[in-house]
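What you see below is based on every heavy atom in this structure, not just the backbone, and it leaves out hydrogens, waters and symmetry mates.
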Amino acid sequence: MALIVQKYGGTSVGSIERIEAVADKVKSWRDKGHDVVVVVSAMSGETNRLVALAKAIQDTPVPRELDVLLSTGEQVSIALLSMALNKRRCPARSYTGHQVHIRTDNMHNKARILDIDNKRIRHDLDQGRVVVVAGFQGMDEEGNITTLGRGGSDTTAVALAAALKAEECQIYTDVDGVYTTDPRVVPEARRLERITFEEMLEMASLGSKVLQIRSVEFAGKYNVPLRVLSSFEEGEGTLISYEEEGMEEALISGIAFNRDEAKLTIVGVPDQPGVASKILSPIGKANIEVDMIIQNVGVDGTTDFTFTVHRNDYDKALSILEQIKQELGAREVSGDNKIVKISLVGVGMRSHAGIAGTMFEALANEGINIRMISTSEIKISVVVDEKYLELGVRALHSAFGLENKS
Ligand code: ADP
Ligand code: ASP
Ligand code: MG
């Protein structure tokens, strides 16, 4: 008998029929003698609906009030699932984040979990109940409701699994595991049996939204075995764990992509010490995160400086650059918000040369121009025009033979 934390995403609880199906699944684990804690998301589409309501009142809703609103989605799902379990004579109790003391910092809309007091959950488990917890929400020190950022229910589940020292944290979703790339873009994508925390963290950071980044960070830090599975079919899913000896080291584990990028260039800035900081400090002060950065080799005492930001920050960054242009006496500011980033991820890259060459050749064969490149030990990312996203991902998937089990 083990303690298992299960998380069911929006699609998995998207209708009454699906909630009933989840209840059957939870009950079958309970019937096998396991202690089960369930985390649920809002029913699919609900969080988007709530965001739209808020935006109909204010372009940028007051963060505290937005959290009060968004947290209601999950409260609906926990109550319905708990009812469905009780109907099956499977005793269950639902709790919101603050009721089980999921304490976070006060960064509304993207709060971080600080700690969880699991006394109440333990008590219910001891009484033989299934505990159903609302994902994506917590409470700050002053008792304000907070939310954890989109996709945050994954992080609630992993944090609970860590706090309860669960045997496994199971993330049930609408695909049957982590694939070599998003199976909605490449139908030939292959399910991975295992992937390391390190690779999964890169995939999530580079745009694969199957798991929230923080949930993977958390699982790695507390060594919580994490499994992604289908809520609709039986199967082993994908296990995310530390690298073990003898584990097959795939050259490339997967391809991630991110459609939320935009790039900006300031042309003809003086090629002098301190210029990069004069450009990026005001951007940072405006709370804009910078991703890739390129500075060209200087010619005639001037240089060009290019960087990427989240597409939502594009207009703000452009207007800041216009100001900097005046101050630095630069020639021109330009930008493009129709770009995407495609990345290859794999721990095997560490010990293999030539991967970048194969990647660039595959893109060139499709006539895809690479606008920016960045690399790290286990990833290579390129920025290309948005219209080439699908073509580029498919070309790379096939160039590295990811559809076949290597
Ligand atoms: P949930 O609502 O259950 O949290 P999400 O929509 O957040 O589900 O995550 C599941 C989706 O992630 C899949 O439907 C799939 O389109 C997408 N996805 C992106 N990259 C991958 C990948 N490498 N493997 C599997 N799914 C992926
Ligand atoms: N309901 C939230 C969202 O849609 C959290 C989650 O589903 O994980 O982002
Ligand atoms: Mg999700």
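Of the residues Arg311, Lys338, Lys341, the one that meets the salt bridge (Lys or Arg N to Asp or Glu O under 4.0 Å) test with Glu261 is Lys341. When Ile4, Val37, Asp31, Val38 are each tested for a side chain to side chain contact (heavy atoms under 4.5 Å, CB included) with Val26, only one passes: Val38. Of the listed residues (Asn109, Thr146, Asn144), just one forms a side chain to side chain donor-acceptor pair (under 3.5 Å) with Asp67, and that residue is Asn109. When each of Asp291, Asn258, Val290 is tested with Thr308 by the rule side chain to side chain contact (heavy atoms under 4.5 Å, CB included), just one qualifies, namely Asp291.
Lys27 places none of its side-chain heavy atoms less than 4.5 Å from the side chain of Trp29. In this structure, the side chains of Val333 and Leu264 stay at 4.5 Å or more apart for every pair of heavy atoms. When side chains are defined from C-beta on, Glu193 does not count as touching Leu239, because their heavy atoms never get closer than 4.5 Å. At a threshold of 4.5 Å between non-hydrogen side-chain atoms, the residues Ile255 and Phe400 do not count as touching. Residues Thr265 and Ile294 are not in side-chain contact: their nearest non-hydrogen atoms beyond the backbone lie 4.5 Å or more apart. Looking at Met292 and Val383, their side chains come closer than 4.5 Å, going by heavy atoms from C-beta outward. Between Val131 and Tyr95, some side-chain heavy-atom pair lies under the 4.5 Å cut-off. Residues Arg120 and His101 fail the side-chain proximity criterion, which asks for heavy atoms closer than 4.5 Å.
Look at Arg88 and Glu20 and you find a salt bridge, because one of the NZ, NE, NH1 or NH2 atoms lies within 4.0 Å of a carboxylate O, short of that distance. Residues Arg112 and Asp140 are not paired through a salt bridge, judged by the lack of any N-O separation under 4.0 Å between the basic side chain and the carboxylate. Electrostatic pairing of Glu217 and Arg214 does not count as a salt bridge here, judged by no charged N lying under 4.0 Å from a carboxylate O.
With rounding to the nearest 0.5 angstrom, the CD1 atom of Ile368 is 9.0 Å from the CG atom of Leu389. In this structure, Ile378 CD1 and Ser253 OG are separated by 8.0 Å, a value rounded to the nearest 0.5 Å. For the atom pair Leu321 CG and Glu332 CD, the distance stands at 12.0 Å (nearest 0.5 Å). Rounded to the nearest 0.5 Å, atoms CD (Gln326) and CG (Leu328) are 10.0 Å apart. Distance check, rounded to the nearest 0.5 Å: CD1 of Ile195 to CG of Leu211 gives 9.5 Å. Put simply, CZ on Arg129 and OG on Ser94 are 11.5 Å apart, with the number rounded to the nearest 0.5 Å.
A pairwise comparison of heavy atoms in Ala395 and Glu366 identifies CB-CG, 3.8 Å as the closest pair. The shortest non-hydrogen separation linking Ala362 to Leu396 is CB-CD2, 4.0 Å. Contact record, Gly9 with Ser41: CA-OG, 3.6 Å, taken as the closest heavy-atom pair.
No side-chain donor from either of Thr155 and Ser215 sits under 3.5 Å from a side-chain acceptor of the other. If you check the side chains of Ser205 and Glu202, you find no donor sitting under 3.5 Å from an acceptor. When only modelled atom types and interatomic distance are considered, Thr147 and His108 share no side-chain donor-acceptor pair under 3.5 Å. Using a 3.5 Å distance cut-off with no hydrogens or angles, the side chains of Tyr388 and Asn369 do not pair a donor with an acceptor. Side-chain atoms of Thr96 and Gln75 include no donor-acceptor pair closer than 3.5 Å.
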Determine, stepwise, if the pair Val384 / Arg371 fulfils side-chain contact (heavy atoms from CB on, under 4.5 Å). CA-CA 6 Å; Val384 301; Arg371 305 211 168 267; 5.7 Å; no

Applying salt bridge (Lys or Arg N to Asp or Glu O under 4.0 Å) to Arg394 and Glu188, what does each step give before you reach the verdict? CA-CA 9 Å; Arg394 288 198 193 118; Glu188 296 78 31; 5.6 Å; no

Yes or no on side-chain hydrogen bond (donor to acceptor under 3.5 Å, both in side chains) for Glu361 and Thr358, after CA distance, side-chain angles and deciding distance? CA-CA 5 Å; Glu361 192 185 324; Thr358 310; 5.9 Å; no

Worked verdict on Ile19 versus Val22 for side-chain contact (heavy atoms from CB on, under 4.5 Å): CA-CA 5 Å; Ile19 290 175; Val22 167; 5.6 Å; no

Asp174 vs Arg18, test: salt bridge (Lys or Arg N to Asp or Glu O under 4.0 Å). Steps then yes/no. CA-CA 11 Å; Asp174 56 4; Arg18 290 196 166 163; over 6 Å; no

I'd like to know whether Glu74 forms a side-chain contact (heavy atoms from CB on, under 4.5 Å) with Val40, so could you lay out the CA-CA distance, the side-chain angles of the two residues, the decisive distance to 0.1 Å, and finally the verdict. CA-CA 7 Å; Glu74 272 68 14; Val40 280; 5.9 Å; no

Evaluate Asp336 against Lys263 for salt bridge (Lys or Arg N to Asp or Glu O under 4.0 Å), listing each step before the verdict. CA-CA 5 Å; Asp336 188 349; Lys263 84 178 166 61; 5.0 Å; no

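Around the CD atom of Gln58, the shell of radius 6.0 Å holds more than 12 heavy atoms that belong to other residues, nucleotides or ligands. Enclosure of atom CD in Glu322 by more than 12 non-hydrogen atoms of other residues, nucleotides or ligands within 6.0 angstrom is indicated. Heavy-atom neighbours of Lys55 NZ from other residues, nucleotides or ligands within 6.0 Å: at or below the threshold of 12. Within a 6.0 Å sphere centred on CG of Asp59, heavy atoms belonging to other residues, nucleotides or ligands number 12 at most. Within 6.0 Å of atom NZ in Lys110, 12 or fewer heavy atoms from other residues, nucleotides or ligands are found, so the atom counts as exposed in its surroundings.
The salt bridge (Lys or Arg N to Asp or Glu O under 4.0 Å) pairs that include a residue from residues 143-171 are Lys7-Asp154, Glu168-Arg227, where partners are two or more places apart or lie in different chains.
Here the side chain of His352 pairs a donor or acceptor atom with the backbone of Gly348 at under 3.5 angstrom. When atom types are taken as modelled, the side chain of Thr302 and the backbone of Gly268 share no donor-acceptor pair closer than 3.5 angstrom. Thr104 contributes no side-chain N or O that, together with a main-chain N or O of Ile113, makes up a donor-acceptor pair within less than 3.5 Å. With hydrogens and angles ignored, the 3.5 Å screen pairs a side-chain donor or acceptor of His34 with a backbone N or O of Ala2. Judged by distance alone, with hydrogens and angles left aside, the side-chain atoms of Lys316 form a donor-acceptor pair with the main-chain N or O of Ala286 at under 3.5 Å. Glu65 contributes no side-chain N or O that, together with a main-chain N or O of Val62, makes up a donor-acceptor pair within less than 3.5 Å. Gln295 places no side-chain N or O within donor-acceptor distance of the main-chain N or O of Phe305, the cut-off being under 3.5 Å. Side-chain atoms of Ser231 come within 3.5 Å of backbone N or O of Thr173 as a donor-acceptor pair. A donor-acceptor contact shorter than 3.5 Å links the side chain of Ser230 to the backbone of Phe232. A distance-only check finds no donor-acceptor pair linking the side chain of Tyr222 to the backbone of Ala161 [under 3.5 Å].
Note on ring orientation: taking the six-membered ring where Trp is involved, the planes of Tyr242 and Phe197 are perpendicular (angle over 60°, cut-offs 30° and 60°).
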